[in-house]
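Notes to accompany the following structure.
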Amino acid sequence: MLSAQDIMTDNVVTIGPNSTVQEAIEILLREKISGLPVVDEHGRLIGIVTEFALLAIAYSDEVRRDKVLKHMSSEVICVEADDPISKVADLCIIHRVRRVPVVTAGRLVGLIARRDVLKGLFEASQPCLA
């Protein structure tokens with residue numbers, strides 16, 4: 001059975017809690033991603049900030065100067081590296097999340113998007129041609 005570490009992206013783009021909303025928007029647009037894990041100076045996952053949360057700039061341009069800490073979700077659904085892919089799929093379905101951070105001892109080690117789950121399951125179901 002595939003595990004989270006088998007399908008995760010380990011080169012994760014992150015942001016710090018004291019970065020500005022403007023910086024977060026710039027990263028999201030440059031990297032063509034919809035969410036950023038927020039990590040502290042020790043690499044511990046403390047939240048997620050999404051493009052949805054940052055739409056607040058539509059109501060006030062001054063939001064751009066806010067700290068990411070103010071707009072992130074601190075209740076993050078995550079998995080451990082050795083958790084099965086079925087757990088990741090369950091979390092995506094039940095909680096309707098687009099991405100699931102992968103942690104080891106509270107430190108961010110990877111990120112799994114819904115597409116990664118589909119790709120992993122699809123490739124695992126293909127006959128081996130060796």
| message | Are the side chains of Met72 and Ile15 in contact, using a 4.5 Å heavy-atom criterion? | response | no
| Given side chains that start at C-beta, do those of Leu28 and Ser34 come closer than 4.5 Å, heavy atoms only? |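 Contact flag for Leu28/Ser34 side chains = no.
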Which donor-acceptor pairs under 3.5 Å do the side chains of residues 52-68 make with protein atoms, sequence neighbours left out?
residue: Ser60; atom: OG; partner: Glu62; partner atom: N; Å: 3.3
residue: Asp61; atom: OD1; partner: Arg64; partner atom: NE; Å: 2.5
residue: Arg64; atom: NH1; partner: Gln22; partner atom: OE1; Å: 2.8
residue: Asp66; atom: OD2; partner: His71; partner atom: NE2; Å: 2.8
residue: Lys67; atom: NZ; partner: Asn18; partner atom: O; Å: 3.3

Out of curiosity, [X] [atom1] to [Y] [atom2], how far, rounded to the nearest 0.5 Å?
| X | Y | atom1 | atom2 | result |
| --- | --- | --- | --- | --- |
| Leu108 | Cys78 | CG | SG | 9.0 Å |
| Ile7 | Leu121 | CD1 | CG | 7.0 Å |
| Gln5 | Ser3 | CD | OG | 4.0 Å |

| Glu31 atom CD, over 12 foreign heavy atoms within 6.0 Å |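 Yes, the 6.0 Å shell around CD holds more than 12 heavy atoms from other groups.
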Are [X] and [Y] joined in one hydrophobic group, where the rule is that I, L, V, M, F, W and Y side chains link up if heavy atoms are under 4.5 Å apart?
| X | Y | result |
| --- | --- | --- |
| Ile85 | Phe122 | no |
| Val103 | Val109 | no |
| Val79 | Val97 | yes |
| Val76 | Val13 | no |
| Val100 | Leu2 | yes |

| query | Nearest heavy-atom pair of Pro84 and Met1: which atoms, and what distance? | reply |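 Heavy atoms only, the tightest pair is CB-CG, 4.2 Å.
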| task | Please report the closest heavy-atom contact between Ile33 and Leu36, naming both atoms and the distance. | result |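 Smallest interatomic distance, heavy atoms only, reads CD1-CD2, 3.7 Å.
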| query | Restricting to pairs with a member in residues 96-106, which pass salt bridge (charged side-chain N to carboxylate O under 4.0 Å, His left out), not counting sequence neighbours? | reply | none
| Under 3.5 Å donor-acceptor, Glu23 side chain and Thr20 backbone |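 Yes: the side chain of Glu23 pairs with the backbone of Thr20.
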| request: Show the numbers, then the answer: is there a side chain to side chain contact (heavy atoms under 4.5 Å, CB included) between Val117 and Ile112? | output: CA-CA 7 Å; Val117 175; Ile112 300 172; 3.7 Å; yes
| message | Going by the rule side chain to side chain contact (heavy atoms under 4.5 Å, CB included), which residues pair with Asp90 if we only count those two or more places apart in sequence or in a different chain? | response | Ile94
Taking only distance into account, with no hydrogens and no angle test, what donor-acceptor pairs under 3.5 Å do side-chain atoms of residues 37-46 form with protein atoms, sequence neighbours excluded?
residue: Asp40; atom: OD1; partner: His42; partner atom: N; Å: 2.8
residue: Asp40; atom: OD1; partner: Gly43; partner atom: N; Å: 3.1
residue: Asp40; atom: OD1; partner: Arg44; partner atom: N; Å: 2.9
residue: Asp40; atom: OD2; partner: Arg44; partner atom: NE; Å: 2.9
residue: Asp40; atom: OD2; partner: Arg44; partner atom: NH2; Å: 3.0

| said: Going by the rule salt bridge (Lys or Arg N to Asp or Glu O under 4.0 Å), which residues pair with Lys87 if we only count those two or more places apart in sequence or in a different chain? | reply: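 Partners of Lys87 under the salt bridge (Lys or Arg N to Asp or Glu O under 4.0 Å) test: Asp83.
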| task | Kindly state each residue pair satisfying side-chain hydrogen bond (donor to acceptor under 3.5 Å, both in side chains) with at least one member in residues 100-123, sequence neighbours excluded. | result | none
